[in-house]
Structures are given as C-alpha cells and as structure tokens.
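Just the heavy atoms: all of them, side chains too, but no hydrogens, waters or symmetry mates, feed the values below. In this chain, residues are counted from 1 in sequence order.
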Amino acid sequence: MINRIEQPPVQLIKSLTLPEVKEFKLDNGVPVHTINSGEQDVVKIELIFKAGKWYETQNLVADFANRMLREGTKNHSAKLLADKFDYYGANINFGAAFETAGASLYSLTNLTDQLLPLFYELFTEPVFPENELATIVSNRKQRLAVDMQKNDFLANRHFVQALYGQSHPYGRVT
C-alpha cells in the first residue's frame, strides 16, 4: 500500500543518455534536425519558423495567423482537412510563442506520403476566411474575460510588464 502522506524518497539520476541529433540541409538550404528514436512506426514532423511576439508589430498577429492556418486552403475546407487528418489517425498541433511559431504533425510512418502534401498545403495555400477569424476573435475575447478573473493570470501579466517593460515584445500584454 502506498502511503500518500509521506513523500517518496528523492533519487539522483545516475546517468542520462540522449538520442543523437543528426543535422543536414535540404537542397534549398533549409536546415533539418532528426532524431531516430528506434523502430516505432510513428513520426513527428515539426515545422518551426522565426515568428511569434518578437516579430509582430501588433499584439496577437502571430497567434491569430497561426490559428488560422487550420481554417482552410485553396483546395480544402477546414472540415475537409480535419476529416482527412482524422481519417488517417493523424494529429496536428499549432502554436505561436515568443520567438517561434509553427506546427507539428504526428502520424504513422507509412501514412506520411498521404499526409505530408496536406500538411505542406496548410502553409503554402491558406485562405484565412474572415468568418473563421471573427469566430476566433470572439472566442479569444471570451477566454480573456474569464482569464482576467484569475489571480495567477493577472499576476503573470503584471510580472512580465514589470520585468520587460510594456514597450518590449515580451512585456506587451493584450
């Protein structure tokens, strides 16, 4: 039986082995970093761009642009894209941070040929539909109203403003 009142003993890590990172460049000069983690039949493809708060001239531009990537392309509606990725059991995560933005595709390795063209299309042919932007803005406003009632959220806003100043990209708050 586990005694939940007593904390377990702390144990030091004796050794740590990290997988080797292999680096190479594509013919067009884009750097690629790979980690072969063994013989799993899954793959994670991650595209990371210099973007985010550091590069935006107006708050939330990087975040909203990144969120809009999933809302359709010239050839596929948002629903059709979602249905296709779901059909193949793939998962896509989008994110924008302080200095980067991008997306990760998780898939079975043998389905990469079907999914990679769709993933590529998200970044090369997005349509940014206005009605979807309006929905995202509305949802973001609702979430902000809820967050503004939370002490930890307010404390973090004051902390980054005090630490960086309101004119620094990291200190700007919405």
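Residues Gln161 and Leu163 form no side-chain contact, since every pair of their non-hydrogen atoms from C-beta on lies 4.5 Å or further apart. Looking only at side-chain heavy atoms (C-beta outward), Leu122 and Leu118 stay at 4.5 Å or farther from each other. A heavy-atom distance below 4.5 Å is found between the side chains of His76 and Glu121. Considering only heavy atoms from C-beta on, Ile35 stays 4.5 Å or farther from Glu20 through its side chain. Side-chain contact between Glu71 and Phe128 is absent, with no heavy atoms from C-beta onward closer than 4.5 Å. A 4.5 Å side-chain heavy-atom check between Val21 and Thr34 finds every atom pair outside the cut-off. Proximity of Ile45 to Thr112: side-chain heavy atoms (C-beta onward) are separated by under 4.5 Å at one or more points. The shortest distance between side-chain heavy atoms of Ile136 and Met68 falls below 4.5 Å.
Between Tyr120 atom OH and Leu47 atom CG the span is 11.0 Å, to the nearest 0.5 Å. With rounding to the nearest 0.5 angstrom, the CG atom of Asn110 is 10.5 Å from the OH atom of Tyr88. Taking NZ from Lys79 and CG from Asp86, the interatomic distance works out to 9.0 Å, rounded to the nearest 0.5 Å. Once rounded to the nearest 0.5 Å, the distance linking CG of Asn156 with CG of Asn151 reads 12.5 Å.
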Start with the C-alpha gap between Phe85 and Phe119, add the side-chain angles, then the distance that decides, and say whether ring pair (Phe, Tyr, Trp, His ring centres under 6.0 Å) holds.
CA-CA 9 Å; Phe85 284 113; Phe119 192 56; 7.2 Å; no
Can you check side-chain contact (heavy atoms from CB on, under 4.5 Å) on Phe64 and Val137, steps first, answer last?
CA-CA 8 Å; Phe64 279 35; Val137 169; 3.2 Å; yes
Yes or no on side-chain contact (heavy atoms from CB on, under 4.5 Å) for Glu125 and Asn75, after CA distance, side-chain angles and deciding distance?
CA-CA 8 Å; Glu125 300 183 33; Asn75 301 313; 3.1 Å; yes
Tell me, with the steps shown, if Thr100 and Phe49 meet side-chain contact (heavy atoms from CB on, under 4.5 Å).
CA-CA 5 Å; Thr100 61; Phe49 302 97; over 6 Å; no
Determine, step by step, whether His168 and Trp54 satisfy the side-chain contact (heavy atoms from CB on, under 4.5 Å) criterion, reporting the C-alpha distance in whole Å, the side-chain angles of both residues, the deciding distance to 0.1 Å, and the verdict.
CA-CA 9 Å; His168 190 278; Trp54 186 262; 3.5 Å; yes
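Residue Asn28 qualifies as enclosed at atom CG: its count of foreign heavy atoms under 6.0 Å is above 12. Applying the 6.0 Å contact sphere to CZ of Phe153 captures more than 12 heavy atoms from other residues, nucleotides or ligands. Open room surrounds CD on Glu6; 12 or fewer heavy atoms of other groups in view lie less than 6.0 Å from it. Residue Glu23 places its CD atom among more than 12 non-hydrogen atoms of other residues, nucleotides or ligands, all under 6.0 Å distant.
A donor-acceptor pair under 3.5 Å is formed between the side chain of Arg157 and the backbone N or O of Thr174. The backbone N or O of Ala134 sits nowhere less than 3.5 Å from a side-chain atom of Ser138 that would complete a donor-acceptor pair.
Considering all non-hydrogen atoms of both residues, Leu105 and Ile92 come closest at CD1-CG1, 3.8 Å. Between Ala101 and Gly52 the shortest heavy-atom distance is CB-N, 4.5 Å. Closest of all the heavy-atom pairs between Pro169 and Lys53 is O-CE, 2.9 Å. Of all heavy-atom pairs between Ser107 and Leu111, the closest is OG-CB, 3.9 Å. Minimum interatomic distance between Gln40 and Thr109 (heavy atoms only, all atoms of both residues): O-OG1, 4.1 Å. Taking each heavy atom of Ser104 and Tyr106 in turn, the nearest pair found is CB-CE1, 3.8 Å.
Hydrophobic clustering of Ile, Leu, Val, Met, Phe, Trp and Tyr side chains at less than 4.5 Å, counting indirect connections, keeps Tyr55 apart from Phe94. Residue Leu144 is not grouped with residue Leu133 when hydrophobic side chains (ILVMFWY) are merged at heavy-atom distances under 4.5 angstrom, including chains of intermediate members. Hydrophobic clustering places Val173 together with Phe98 (ILVMFWY residues linked when any side-chain heavy atoms are closer than 4.5 Å, directly or through intermediates). Side-chain heavy atoms closer than 4.5 Å link hydrophobic residues (I, L, V, M, F, W, Y) into clusters, and following such links, even through other members, never connects Leu69 to Ile48.
Ring-plane geometry between Tyr170 and Tyr164 is classed as perpendicular, the angle between the planes exceeding 60 degrees on a 0 to 90 degree scale with a lower cut at 30.
Using a 4.0 Å cut-off between a side-chain N of Lys or Arg and a carboxylate O of Asp or Glu, Arg67 and Glu132 do not qualify as a salt bridge. The existence of a salt bridge linking Glu46 and Lys44 is confirmed by a sub-4.0 Å separation between a basic side-chain nitrogen and an acidic carboxylate oxygen. The residues Arg140 and Asp63 are annotated as salt-bridged, a charged nitrogen and a carboxylate oxygen being separated by less than 4.0 angstrom.
When each of Gln142, Lys141, Arg143 is paired with Asn139, the side chain to side chain contact (heavy atoms under 4.5 Å, CB included) condition holds for Gln142 and for no other.
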